[in-house]
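Report on the structure given below.
Only heavy atoms go into these numbers, but all of them, side chains included; no hydrogens, no water, no symmetry mates.
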Amino acid sequence: MMTRKSAPNDQIVLQVGEKVGDATLKRIDRHTVYFDNQGRLERIDMLNDARPGDLPGSPPGDVIHADSLTASQSIARVDYEAMLAKGMRLLTGVRITPYYQNGNLSGYQIVFPGSKSEFQKMGLASNDVIQQIHGIPVTDASQMTQLTGKLKDQSSVRIDLLRESRTLTIELNVEN
């Protein structure tokens, strides 16, 4: 349930599924409220000190599809290829920690400094847990070593991850 003031002393109580204008209240999280506004999921961050990208969802300006929690992100091909060319050097200054669910390795948490703009260009946020890249589980070391070659000529790449314990898929569109 959510309470909204409509005038200085009037309050409206909303429940998931109720409409406000053209938008329908879809979900309420600890610090975020999500509305489906004609097929687009829009969010309201309720923390005074929150920065875009800190909360579940995706970086500002992205469209999150209400039914699938998929964020669409674009990157210029020249930036994408430069990032791939760095190979393992891309991970300099990045802390990578195994992430376990129910005792099983399910991905790797990445923590990176704000200066790692390559990760931000991909739509990633520090503390994300990457589970799959282009359908390949990051826990499969044999396939991960071949991943760079597979990604080079792609026009889009799918990244499945956990962000603040919620699943999110980033569709990274590589633009010419």
Atom pair CG/OH of D153 and Y80 - distance to nearest 0.5 Å: 8.5 Å

R89 (side chain) donor-acceptor with G87 (main chain) under 3.5 angstrom: no

Interatomic spacing from CG in D160 to OG1 in T169 - rounded to 0.5 Å: 4.0 Å

Verify same cluster id: L172, I130 (apolar side-chain graph, 4.5 Å): yes

L161 and L124, any side-chain heavy atoms less than 4.5 Å apart: yes

Exercise: identify the closest heavy-atom pair between L84 and K152: CD1-CA, 3.7 Å

Distance-only polar pair, side chains of E171 and S72, donor-acceptor under 3.5 Å: no

Heavy-atom closest contact (P98 atom, L105 atom, distance): CB-CD1, 3.7 Å

Closest non-hydrogen atom pair between P113 and G93, with its separation: CD-O, 3.4 Å

R77/D79 under salt bridge (Lys or Arg N to Asp or Glu O under 4.0 Å): CA gap, chis, key distance, verdict: CA-CA 5 Å; R77 178 151 303 275; D79 292 335; over 6 Å; no

Pairwise side-chain contact, Q109 with N127, heavy-atom cut-off 4.5 Å (strictly under): yes

Sidechain-backbone polar pair: Q73 side chain, K121 backbone, donor-acceptor under 3.5 Å: yes

Over all atoms of both residues, closest heavy-atom pair of S74 and E175: OG-OE2, 3.1 Å

Beyond-backbone contact of T97 with V111, side-chain heavy atoms, under 4.5 angstrom: no

Validation row: F119, D128 side chains within 4.5 angstrom (heavy atoms): no

Side-chain heavy-atom pair F112, L91 within 4.5 angstrom cut-off: no

Working for side chain to side chain contact (heavy atoms under 4.5 Å, CB included), residues R158 and Q132: CA-CA 8 Å; R158 177 185 170 118; Q132 290 188 17; 5.7 Å; no

Over all atoms of both residues, closest heavy-atom pair of V138 and G107: CG2-CA, 3.8 Å

Point-to-point distance, once rounded to the nearest 0.5 Å, from CG of L151 to OG of S156: 10.0 Å

K150 side chain reached by I136 side chain, heavy atoms, under 4.5 Å: yes

Donor-acceptor contact below 3.5 Å, side chain T167 vs main chain L162: no

Closest contact, heavy atoms only, Q131 versus Q101: NE2-OE1, 3.9 Å

Separation between NZ of K86 and OG1 of T92, rounded to the nearest 0.5 Å: 8.5 Å

Inter-residue atom distance K19.NZ - D36.CG, 0.5 Å rounding: 7.5 Å

Note, M83 side chain near M122 side chain (heavy atom, < 4.5 Å): yes

Contact check, side chains of I110 and V129, non-hydrogen atoms, under 4.5 Å: no

